[in-house]
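Okay, handing you the structure first.
Nothing here was measured: the structure is a model prediction, and the numbers come from that model.
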Amino acid sequence: MHSKKMKSPDEPKILILIPAYNEAQNIGGVIDEIHREVSGLPYAFDVLVVDDGSSDNTAAIASASGAEAIRLPLNGGIGVALQTGFKFAHERDYSNLIRLDADGQHPPSFISSILDPVIRREADLCIGSRFLQGKGYQASKIRRLGISWFSFLIAILFNQRITDPTSGFQAMNRRLIALYAREYASDYPEVEAVANALGNGFRVIEAPIEMKERQSGKSSIDSLHSIYYAIKVTTKVIIYLLQRH
């Protein structure tokens with residue numbers, strides 16, 4: 001596994017987790033940019049790509065780019081890929097984890113922005129929000145509508161404002177890694193995971209970031225999927241809360 005610096009016993013042990021599905025066109029550039037950015041930070045980082053049953057050579061490119069790659073035999077969905085990474089991090093006792101997407105939308109230059117509050121123990125989970133400053137790619141209108149709905153739902157249920165609850169650019173600590181290693185939604189997991197964190201008393205904050213448009217390929221969530229996504233996630237969050245009470 002690639003690591004930029006030797007770790008001292010007291011230094012954070014940090015894993016950068018990238019779930020990927022058919023991202024051969026993007027993954028090498030994303031990993032190269034991560035290596036460039038973290039080389040200037042005062043921590044050691046390892047990079048793990050979980051290839052969710054891709055039909056292309058995503059895993060091979062990830063390995064050639066200096067990351068460790070786990071290739072799942074079947075496409076189980078992003079939640080399965082992420083939980084594989086959380087279990088990996090938990091079993092190897094990483095103190096912190098950063099997750100970002102393989103499509104190039106999450107600039108690694110913002111890694112320190114979301115990681116630093118967690119390192120300083122100001123939060124258990126820090127979400128990178130594209131909406132706090134309104135810069136960079138802001139998503140399609142229908143996706144912004146869905147994001148606004150989830151933000152409203154979380155505010156009503158938990159009395160906390162999260163502007164970008166579907167953001168996959170996040171940093172977390174060891175305790176939250178352990179929770180997500182045990183329980184994580186198999187598909188469309190972000191909002192349910194935020195609800196799970198808040199419902200278990202974890203401190204969740206946001207930090208401003210800028211996102212880019214996808215570099216190549218296309219998102220799996222189109223207009224029809226967005227409607228299905230909104231209904232399914234809303235139902236699951238409400239069921240989750242009812243079960244806790």
*Does a side chain donor of either Asn96 or Asn173 reach within less than 3.5 Å of an acceptor in the other side chain?*
no
*State, yes or no, whether a side-chain contact exists between Leu179 and Phe86 at a heavy-atom distance under 4.5 Å.*
no
*Under the salt bridge (charged side-chain N to carboxylate O under 4.0 Å, His left out) criterion, do Glu190 and Arg99 qualify, and how do the steps go?*
CA-CA 11 Å; Glu190 284 80 11; Arg99 59 155 294 201; 3.2 Å; yes
*Quick one: closest heavy-atom pair of Asp164 and Gly128, and the distance?*
OD2-O, 3.8 Å
*asked:* Restricting to side chain to side chain donor-acceptor pair (under 3.5 Å), what partner residues turn up for Ser129, sequence neighbours left out?
replied: Thr163
Going by atom type alone, with no hydrogens or angles, which donor-acceptor pairs under 3.5 Å involve a side-chain atom of residues 108-115 and a protein atom two or more places apart or on another chain?
none

*The single option from Val50, Val49, Ile177 passing side chain to side chain contact (heavy atoms under 4.5 Å, CB included) against Leu17*: Val50
*Using 4.0 Å as the upper bound for N to carboxylate O, is an ion pair formed by Asp46 and Arg92?*
no
*Just say parallel, tilted or perpendicular for the rings of Tyr43 and Phe45, cut-offs at 30° and 60°.*
perpendicular
_Could you tell me if the side chain of Met172 sits less than 4.5 Å from the side chain of Tyr180, heavy atoms only?_
yes
*Listed partners of Ala24 passing side-chain contact (heavy atoms from CB on, under 4.5 Å), at least two apart*: Asp56, Asn57, Thr58, Ile61
*Arg175/Asp124 under salt bridge (charged side-chain N to carboxylate O under 4.0 Å, His left out): CA gap, chis, key distance, verdict*: CA-CA 8 Å; Arg175 291 176 56 241; Asp124 302 299; 3.2 Å; yes
